[in-house]
Peer 1: 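Right, I'll just put the structure down here and ask away after.
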Amino acid sequence: MKPAIAITLRERTIKETLENTSYITASCSIGGNEVIKNGTRFFENHGTSVQEFLLSVYQYLGSAYPRFYKMDNLSRLGWLTAELLLRDSVAPGTYAPEDMGLLFCNRNSSLDTDIRFAETMKTMASPSLFVYTLPNIVMGEICIRHNFKGENDFFIFDRFNPLFITFYMEQLFSSGAIQAGICGWLDLIGEDYRACLFLVERKSRGQNLLFTEQHLQNIYLLQHG
């Protein structure tokens, strides 16, 4: 009986491991006036300012979303990266709104917009800029666009931190807080901008990479050097 019990326990362990495995099913990066989706260059427009470049990406996508023009540059960057990440990657309605979460990190918080807002205070403070003087506002814009209502968190680090991202996302998965999520790096200050977001699911499909620190790091370095 002991061998049979051992086999049963081993099969159960394998089953639980597989059930608790997460996958990177899509990735999207925007930086250096280029857009890369799943390792393939999707769009480029060199010789333009960050604002001009983000607008050119939006126009290239053919999106009709008037709110885009009201956003600050950090929100535009995040909105576009998430839009491209999800396009042809996961069908609308695949997950309940409460089951889709967001986890973003960056270095400069909302400093780019904070500086712009501070400049307007010399004459008349701009309410339209003040709205964006928190880094997590970009999450709100993405959630409005895609009807996400799950857990969302924004953390500040000196640099891209794949160890923290994988640890935190796995905690959200194991606790049942989310069933799928978007995570990654989203930073912008002046003309220096960099976004690298990942769609993570329990399902093995799409890019079909195990959700590990090393895979996050490899994709980030491949797309950003």
Side-chain angles (χ1 to χ4, degrees), residues 28-36 42-87 97 100-161 164-165 181-198 220 224:
C28 184
S29 171
I30 298 181
N33 289 35
E34 294 182 341
V35 179
I36 297 174
F42 180 87
F43 177 79
E44 58 185 330
N45 184 11
H46 296 279
T48 59
S49 68
V50 58
Q51 191 161 339
E52 292 169 337
F53 175 72
L54 295 176
L55 180 59
S56 70
V57 176
Y58 174 79
Q59 293 171 337
Y60 182 79
L61 288 176
S63 301
Y65 195 72
R67 287 182 64 92
F68 180 84
Y69 295 97
K70 299 179 181 180
M71 299 177 195
D72 71 333
N73 283 338
L74 180 65
S75 293
R76 288 181 177 184
L77 176 63
W79 189 93
L80 287 168
T81 311
E83 188 79 2
L84 283 157
L85 179 74
L86 294 169
R87 182 172 288 195
M100 192 74 180
L102 304 175
L103 170 63
F104 292 171
C105 304
N106 79 2
R107 180 178 183 178
N108 291 293
S109 186
S110 57
L111 185 58
D112 184 77
T113 303
D114 296 343
I115 293 171
R116 295 171 188 271
F117 176 70
E119 286 295 316
T120 69
M121 293 175 66
K122 296 176 180 177
T123 52
M124 183 176 292
S126 168
S128 62
L129 281 176
F130 178 73
V131 170
Y132 292 96
T133 52
L134 284 174
N136 62 335
I137 298 302
V138 59
M139 292 179 152
E141 294 290 3
I142 294 171
C143 288
I144 291 170
R145 167 63 167 168
H146 299 285
N147 192 31
F148 296 157
K149 298 180 180 179
E151 180 87 12
N152 61 85
D153 299 282
F154 204 116
F155 294 89
I156 310 299
F157 291 101
D158 276 345
R159 59 183 64 85
F160 180 60
N161 191 334
F164 174 82
I165 291 172
I182 297 173
C183 61
W185 184 259
L186 181 63
D187 194 38
L188 182 146
I189 183 75
E191 293 297 309
D192 185 13
Y193 62 99
R194 182 171 291 191
C196 189
L197 299 182
F198 308 87
Y220 181 84
H224 292 292

Peer 1: Side chain to side chain contact (heavy atoms under 4.5 Å, CB included), that's the test. Do Arg87 and Leu61 meet it? Break it down for me.
Peer 2: CA-CA 10 Å; Arg87 182 172 288 195; Leu61 288 176; 3.6 Å; yes
Peer 1: Do Ile156 and Asn106 come within less than 4.5 Å of each other through their side chains, counting heavy atoms only?
Peer 2: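 Yes, side chains in contact.
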Peer 1: Mark yes or no for whether Glu34, through its side chain, and Glu44, through its backbone, hold a donor-acceptor pair below 3.5 Å.
Peer 2: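 No, because the side chain of Glu34 does not come within donor-acceptor range (under 3.5 Å) of the backbone of Glu44.
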Peer 1: Closest heavy-atom contact between Ser63 and Glu83?
Peer 2: OG-OE2, 4.1 Å
Peer 1: To the nearest 0.5 angstrom, please state how far the CG atom of Leu111 sits from the CD1 atom of Ile189.
Peer 2: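 Here the rounded value is 4.0 Å.
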Peer 1: Under 3.5 Å, is there a donor-acceptor pair between the side chain of Ser49 and the main chain of Glu52?
Peer 2: yes
Peer 1: Roughly how far, to the nearest 0.5 Å, is CZ of Arg145 from CD1 of Ile142?
Peer 2: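 Answer rounded to 0.5 Å: 11.5 Å.
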Peer 1: Kindly say whether Asp72 contributes a backbone atom to a donor-acceptor pair with the side chain of Thr113 at under 3.5 angstrom?
Peer 2: no
Peer 1: Taking the side chain as C-beta and beyond, is there a heavy-atom pair between Ser56 and Phe43 under 4.5 Å?
Peer 2: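 Counting from C-beta outward, Ser56 and Phe43 do come under 4.5 Å.
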Peer 1: Tell me, please, which residues at least two apart from Asn33 pass side chain to side chain contact (heavy atoms under 4.5 Å, CB included).
Peer 2: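 With neighbours one apart ignored, the set is His46, Thr48, Phe53, Tyr193.
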Peer 1: First locate atom CD1 of Ile36, then atom CG of Leu84, and finally report the distance between them rounded to the nearest 0.5 Å.
Peer 2: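 Answer rounded to 0.5 Å: 12.0 Å.
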Peer 1: Taking the inter-plane angle between the rings of Phe42 and Tyr60 on a 0 to 90° scale, is it parallel (under 30°), tilted (30 to 60°) or perpendicular (over 60°)?
Peer 2: perpendicular
Peer 1: Report yes if the side chains of Leu197 and Cys28 come closer than 4.5 Å at any heavy-atom pair, otherwise no.
Peer 2: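 No, every pair of side-chain atoms sits at 4.5 Å or beyond.
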Peer 1: So, do Leu188 and Arg76 sit near enough that their side-chain heavy atoms are less than 4.5 Å apart?
Peer 2: no
Peer 1: Checking the side chain of Asp187 only, and the main-chain atoms of Asn108 only, is there a donor and an acceptor separated by less than 3.5 Å?
Peer 2: yes
Peer 1: Could you check Tyr69 against Leu55 for side chain to side chain contact (heavy atoms under 4.5 Å, CB included), going step by step and ending with a plain yes or no?
Peer 2: CA-CA 9 Å; Tyr69 295 97; Leu55 180 59; 3.7 Å; yes
Peer 1: If you compare all heavy atoms of Cys196 against all heavy atoms of Tyr220, which two are closest, and at what distance to 0.1 Å?
Peer 2: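 Heavy atoms of Cys196 and Tyr220 come nearest at CB-CD1, 3.8 Å.
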Peer 1: Does Arg159 use its side chain to pair, donor to acceptor, with the backbone of Arg107 at less than 3.5 Å?
Peer 2: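 No.
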Peer 1: Would you compute the distance between atom CE of Met139 and atom CG of Asp153 and round it to the nearest 0.5 angstrom?
Peer 2: 6.5 Å
Peer 1: State, with a plain yes or no, whether a side-chain heavy atom of Ile182 is found less than 4.5 Å away from one of Leu86.
Peer 2: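 Sidechains of Leu86 and Ile182: in contact.
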Peer 1: Does some side-chain heavy atom of Phe160 sit less than 4.5 Å from a side-chain heavy atom of Ile165?
Peer 2: yes
Peer 1: Hey, does Asn136 have a side-chain heavy atom less than 4.5 Å from the side chain of Phe104?
Peer 2: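 A side-chain contact is absent here, since even the closest heavy-atom pair is not under 4.5 Å.
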Peer 1: Which value, rounded to the nearest 0.5 Å, describes the distance between Ser109 atom OG and Leu134 atom CG?
Peer 2: 7.5 Å
Peer 1: Search all heavy atoms of Gly190 against all heavy atoms of Val50 and return the closest pair with its distance.
Peer 2: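 Gly190 and Val50 have their closest heavy atoms at O-CG1, 3.6 Å.
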Peer 1: Mind checking side chain to side chain contact (heavy atoms under 4.5 Å, CB included) for Arg116 and listing every partner two or more places apart, or none if nothing turns up?
Peer 2: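 Arg116 satisfies side chain to side chain contact (heavy atoms under 4.5 Å, CB included) with Asn73, Asp112, Leu129 only.
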Peer 1: Answer yes or no: are there more than 12 heavy-atom neighbours, outside Gln51 itself, under 6.0 Å from its atom CD?
Peer 2: no
Peer 1: Do Tyr58 and Tyr65 make the cut of ring centroids closer than 6.0 angstrom?
Peer 2: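 That pair fails the under 6.0 Å test.
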Peer 1: In terms of side-chain heavy atoms, does Glu141 have a donor or acceptor partner in Tyr132 at a distance below 3.5 Å?
Peer 2: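 On atom types as modelled, these side chains qualify, holding a pair under 3.5 Å.
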Peer 1: Going from CG on Leu102 to SG on Cys143, what distance comes out if it is rounded to the nearest 0.5 angstrom?
Peer 2: 4.5 Å
